[in-house]
Amino acid sequence: MKSDLLIIIPAYNEEENIENVVSFIQKKYSEYDYVVVNDGSKDHTADICRKKGYELLNLPVNLGLAGAFQAGLKYAYAKGYSYAIQFDADGQHRPEFIEPMLKRIKEGYDIVIGSRFITTKKGSSLRMIGSKMITVAIKLTTGVRVADPTSGMRMFSRNMIEEFAKNLNYGPEPDTVSYLLKNGAKVSEVPVIMDERQAGESYLNVMNSGKYMVKMLLSILLIQNFRKRG
């Protein structure tokens with residue numbers, strides 16, 4: 001029986017994590033459908049998925065997170081899913097929080113974010129300072145406070161699935177959330193706990209994190225004013 005929710009797992013060079021992540025979903029959360037989007041990995045991520053018989057979208061080149069997730073949403077749209085969730089392949093996201101997020105989005109929201117900071121204060125690291133600045137920027141430009149704008153655990157309604165599937169340059173990032181808020185999307189947050197990456201290295205080192213935060217702030221405060229829909 002087909003689920004109304006699709007778990008989209010973008011994966012780039014996650015050979016050390018992908019089996020643990022997907023097998024756990026299969027064993028404990030089989031009520032949900034999933035698809036791994038292999039984003040042109042240079043390691044054995046795709047080979048492992050094929051060997052294990054995982055549902056797989058295999059991209060021939062690396063498109064980056066935005067392109068990989070949009071490919072997953074195109075798949076969700078084509079298959080008729082009502083909801084889709086972005087789920088990291090590195091073991092940080094916990095599937096136990098999918099149910100409360102699904103319950104919340106069914107209350108009439110367009111996007112539900114799994115938030116680490118609804119009841120917990122952000123730390124003083126550079127990444128957390130950047131996250132605070134993005135929260136302020138979104139509040140200034142939309143009037144809505146998003147406590148955890150950089151959370152990668154985001155759930156989308158059917159309307160948002162269609163929006164992402166049919167439009168170019170829609171990455172699952174804070175600036176797009178800000179843009180959609182400006183255009184009337186209803187966004188909510190649900191408290192979650194996230195784990196540390198199980199293995200391998202994130203591309204978001206100190207240098208890349210700094211670049212990312214600056215890019216998001218400029219986009220939210222300046223570029224989104226000139227962005228066109230459709």
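Computed from a predicted model, the values in this text were never measured in an experiment. For the numbers below, each heavy atom of this structure counts, side chains included, while hydrogens, waters and symmetry mates do not.
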- For the atom pair CD1 (Ile161) and CG (Asn159), what is the distance rounded to the nearest 0.5 Å? 9.0 Å
- Query: Does Glu99 CD have over 12 foreign heavy atoms under 6.0 Å away?
  - Reply: no
- Asp148 vs Val192 side-chain heavy atoms within contact, under 4.5 Å: no
- Task: For Val21 and Ala89, work out which heavy atoms get closest and say how close.
- Result: CG2-O, 3.5 Å
- What salt bridge (Lys or Arg N to Asp or Glu O under 4.0 Å) pairs are there with at least one residue in residues 100-111, not counting sequence neighbours? Asp4-Lys106, Arg104-Glu107
- Message: Are Leu140 and Ile129 connected into the same hydrophobic cluster when the rule is that any two of I, L, V, M, F, W, Y join if their side-chain heavy atoms are below 4.5 Å apart?
- Response: no
- Message: Would you compute the distance between atom OG of Ser131 and atom CE of Met213 and round it to the nearest 0.5 angstrom?
- Response: 6.0 Å
- Task: Can you tell me which residue pairs pass the salt bridge (Lys or Arg N to Asp or Glu O under 4.0 Å) test with a partner in residues 18-30, sequence neighbours excluded?
- Result: Glu19-Lys52
- Message: Please verify the inter-ring angle class for Tyr81 with Tyr75; under 30° counts as parallel, over 60° as perpendicular, anything in between as tilted.
- Response: parallel
- Between Leu63 and Ala68, the two heavy atoms sitting closest are CB-N, 4.2 Å
- Is there a side-chain contact between Ile7 and Val35 (heavy atoms, below 4.5 Å)? no
- Message: Looking at every non-hydrogen atom in both residues, tell me the closest pair between Met101 and Gly114 and how far apart they are.
- Response: CE-N, 3.5 Å
- Message: Count I, L, V, M, F, W, Y as connected when their side-chain heavy atoms are under 4.5 Å apart, and connections chain through other members. Are Ile118 and Ile138 then in the same cluster?
- Response: no
- Message: With a 4.5 Å cut-off on side-chain heavy-atom distances among I, L, V, M, F, W and Y, is there a chain of contacts connecting Ile8 to Tyr12?
- Response: no
- Query: Cut-off 3.5 Å, side chains only: do Asn17 and Asp90 have a donor facing an acceptor?
  - Reply: no
- Could you walk me through whether Lys42 and Asn13 pass the side-chain contact (heavy atoms from CB on, under 4.5 Å) check? CA-CA 6 Å; Lys42 297 176 182 177; Asn13 293 344; 3.9 Å; yes
- Query: Is there a donor-acceptor contact under 3.5 Å from the side chain of Asp43 to the main chain of Thr45?
  - Reply: yes
- Query: For the side chain of Gln70 and the backbone of Phe164, is there at least one donor-acceptor N/O pair under 3.5 Å apart?
  - Reply: yes
- Query: Would you say Val190 and Met155 make side-chain contact, with heavy atoms under 4.5 Å?
  - Reply: no
- Item | Closest heavy-atom pair and its distance - Leu217, Ala137 | CD2-CB, 3.9 Å
- Within-4.5 Å side-chain heavy-atom neighbours: Phe87 and Pro95: yes
- Task: Please round to the nearest 0.5 Å and tell me the distance separating atom CD1 of Ile220 and atom NZ of Lys139.
- Result: 14.5 Å
- Query: Is the backbone of His44 close enough, under 3.5 Å, to the side chain of Glu15 for a donor and an acceptor to pair up by distance?
  - Reply: yes
- What's the shortest heavy-atom distance between Arg145 and Ala147, and which atoms? NH1-CB, 3.4 Å
- Query: Hey, does the side chain of Lys74 reach the backbone of Ala165 with a donor-acceptor pair shorter than 3.5 angstrom?
  - Reply: yes
- Message: For residues Leu222 and Val136: do they belong to one hydrophobic cluster (side chain heavy atoms under 4.5 Å, members Ile, Leu, Val, Met, Phe, Trp, Tyr)?
- Response: no
- Task: Find out if a path of hydrophobic residues (ILVMFWY) with successive side-chain heavy-atom gaps under 4.5 Å connects Tyr32 to Phe24.
- Result: yes
- Query: Going through the distances and angles, do Phe156 and Glu163 end up as a side-chain contact (heavy atoms from CB on, under 4.5 Å)?
  - Reply: CA-CA 10 Å; Phe156 299 87; Glu163 185 91 21; over 6 Å; no
- Message: I'd like to know whether Met160 forms a side-chain contact (heavy atoms from CB on, under 4.5 Å) with Leu180, so could you lay out the CA-CA distance, the side-chain angles of the two residues, the decisive distance to 0.1 Å, and finally the verdict.
- Response: CA-CA 9 Å; Met160 290 293 100; Leu180 292 170; 3.8 Å; yes
- Query: Any side-chain heavy-atom pair from Asn183 and Leu181 closer than 4.5 angstrom?
  - Reply: no
- Message: Tell me if a side-chain donor or acceptor on Thr142 pairs with a main-chain N or O of Ser178 at a distance below 3.5 Å.
- Response: no
- Task: Measure from the side-chain N and O atoms of Asp175 to the backbone N and O of Met216, and report whether any donor-acceptor pair falls under 3.5 Å.
- Result: no
- Could you check if a side-chain atom of Gln86 sits within less than 4.5 angstrom of a side-chain atom of Leu65, using non-hydrogen atoms only? yes
- Query: Could you state the interatomic distance from CG (Asn58) to CG (Asp39), rounded to the nearest 0.5 Å?
  - Reply: 10.0 Å
- Item | Check: Asn62 side chain, Gly40 main-chain N or O, donor-acceptor pair, under 3.5 Å | no
- Task: Kindly compute the distance separating OG (Ser157) from CD1 (Ile111), expressed to the nearest 0.5 Å.
- Result: 7.5 Å
- Message: Is the shortest side-chain heavy-atom distance between Leu6 and Lys79 below 4.5 Å?
- Response: no
- Item | Any donor-acceptor pair under 3.5 Å from His93 side chain to Asp88 backbone | yes
- Message: Please determine whether side-chain contact (heavy atoms from CB on, under 4.5 Å) holds for the pair Met194 and Met153, giving the CA-CA distance in whole Å, both sets of side-chain angles, and the decisive distance to 0.1 Å.
- Response: CA-CA 9 Å; Met194 293 187 189; Met153 195 174 186; 3.9 Å; yes
- Are Gln26 and Tyr34 close enough that a side-chain donor and a side-chain acceptor fall under 3.5 Å? yes
- Item | Residue pair Ala11 / Val36: nearest heavy atoms and the distance that separates them | CB-CG1, 4.1 Å
- Message: Looking at Thr135 and Val146, would you say the former's side chain and the latter's main chain have a donor-acceptor pair under 3.5 Å?
- Response: yes
- Atom pair CG/CZ of Leu56 and Arg50 - distance to nearest 0.5 Å: 6.0 Å
- Basic-acidic side-chain contact under 4.0 Å: Lys2, Asp33: no
- Please check if the side chain of Arg158 supplies one atom and the backbone of Ala84 the other of a donor-acceptor pair under 3.5 Å. no
- For residues Tyr83 and Tyr109, establish whether the separation of their ring centroids is below 6.0 Å. no
- Message: With heavy-atom distances below 4.5 Å as the criterion, would you say the side chains of Ser82 and Leu5 are in contact?
- Response: no
